[in-house]
Amino acid sequence: MMTTSVNKATKTWLTVAAVAGGMHAAITFHWALGGQHLLWTMGTAFIAKFATVMWILWPLGLVKAGVAFGPLWLASRGWPWAHLTRALCWIAGAILTGWGGANTLATNAVLFGLYRPAGGYDRNVMIGHAWMWDPLFVVWGVGIIGGLL
């Protein structure tokens with residue numbers, strides 16, 4: 001398969017996105033295989049709710065891996081079907097940045113006492129989302145957007 005030269009800035013941004021997204025995909029596959037590392041960041045309610053359907057993590061991990069590594073792969077091949085593939089990458093970058101940014105702000109607002117959920121909250125889950133998973137979504141999305149610019 002033919003590859004093309006990618007400028008250094010594009011490659012750097014898309015590599016950042018691949019690393020951040022790859023981390024998301026890797027932990028998803030780890031959990032799909034029955035691993036327990038960092039599962040505490042998802043909370044006992046999540047674990048109980050999804051215990052019988054953990055198979056869903058396999059396709060979710062594949063989607064995450066595709067969105068993580070796809071933009072770098074596409075750029076290295078000169079953006080085949082550029083209108084479609086770049087548009088899809090823009091959408092992914094916007095969703096990841098928006099979702100991650102909004103959730104990072106919301107969970108930190110809860111942790112810092114700026115907002116108090118009526119039903120209480122699981123502190124471990126808030127910490128996981130405020131300081132790990134959601135900022136990682138932001139890095140992933142910004143990496144994709146930076147690579148597209």
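If you read the sequence from its start, that first residue is 1, and numbering goes on from there. The figures here come from the full heavy-atom set of this structure, side chains too, leaving out hydrogens, waters and symmetry mates. Just so we're clear, the structure is a prediction, and the values are computed from it rather than from any experiment.
In this structure, the side chain of Arg86 engages the main chain of Leu148 through a donor-acceptor pair within 3.5 Å.
Following chains of ILVMFWY side-chain contacts shorter than 4.5 Å, one cannot reach Leu105 starting from Leu136, and the two form parts of different hydrophobic clusters. If you chain together hydrophobic residues whose side chains sit under 4.5 Å apart, Trp73 and Val67 fall into the same group. Following chains of ILVMFWY side-chain contacts shorter than 4.5 Å, one cannot reach Leu84 starting from Ile144, and the two form parts of different hydrophobic clusters. No path of Ile, Leu, Val, Met, Phe, Trp and Tyr side chains, each step under 4.5 Å between heavy atoms, connects Ile95 with Leu72, placing them in separate hydrophobic clusters. Under the 4.5 Å side-chain heavy-atom criterion for Ile, Leu, Val, Met, Phe, Trp and Tyr, Phe137 and Val63 are members of the same hydrophobic cluster.
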Run the side chain to side chain contact (heavy atoms under 4.5 Å, CB included) test on Met42 and Trp31 for me, step by step, so that the C-alpha distance in whole Å, both residues' side-chain angles and the decisive distance to 0.1 Å come before the verdict.
CA-CA 11 Å; Met42 299 309 289; Trp31 292 336; 3.5 Å; yes
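Between Leu38 and Met132 the shortest side-chain heavy-atom distance falls below 4.5 Å. Here the side chains of Trp13 and Lys8 are not in contact, with every heavy-atom distance at 4.5 Å or above. A heavy-atom distance below 4.5 Å is not found between the side chains of Lys64 and Phe29. The closest side-chain heavy-atom distance from His24 to Trp133 is below 4.5 Å. Residues Val138 and Leu96 have side chains not in contact (no heavy-atom distance under 4.5 Å, counting atoms from C-beta outward).
The aromatic rings of His37 and His30 sit tilted, their planes meeting at an angle between 30° and 60°.
Around CH2 of Trp99, the count of heavy atoms belonging to other residues, nucleotides or ligands within 6.0 Å does not exceed 12.
Across all non-hydrogen atoms, the minimal contact from Gly147 to Thr10 is O-CG2, 3.4 Å. Among all heavy-atom pairs drawn from Gly143 and Ala17, the shortest one is C-CB, 3.8 Å. Taking every heavy atom of both residues into account, Cys89 and Trp79 meet most closely at SG-CZ3, 3.8 Å. Across all non-hydrogen atoms, the minimal contact from Gly66 to Pro71 is O-CD, 3.9 Å. The minimum heavy-atom distance between Val139 and Ala20, with the atom names listed, is CG1-CB, 4.0 Å. Closest heavy-atom contact between Ala68 and Gly21: CB-C, 3.4 Å.
For the atom pair Thr41 OG1 and Phe46 CZ, the distance stands at 9.0 Å (nearest 0.5 Å). Between atom CD1 of residue Ile145 and atom CG of residue Leu14 there is a gap of 11.5 Å, rounded to the nearest 0.5 Å. Atoms CG and CH2, from Leu88 and Trp81 in turn, are 11.5 Å apart once rounded to the nearest 0.5 Å. Distance check, rounded to the nearest 0.5 Å: OG1 of Thr28 to CD1 of Ile56 gives 11.5 Å.
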Going by atom type alone, with no hydrogens or angles, which donor-acceptor pairs under 3.5 Å involve a side-chain atom of residues 107-124 and a protein atom two or more places apart or on another chain?
| residue | atom | partner | partner atom | Å |
| --- | --- | --- | --- | --- |
| Thr107 | OG1 | Asn103 | O | 2.7 |
| Thr107 | OG1 | Thr104 | O | 3.3 |
| Thr107 | OG1 | Ala130 | N | 3.4 |
| Asn108 | OD1 | Trp131 | NE1 | 2.8 |
| Asn108 | ND2 | Thr104 | O | 2.9 |
| Asn108 | ND2 | Ala130 | O | 3.4 |
| Asp122 | OD1 | Asn124 | N | 3.0 |
| Asp122 | OD1 | Val125 | N | 3.3 |

Side-chain donor/acceptor pairs under 3.5 Å, residues 47-55, sequence neighbours excluded:
none

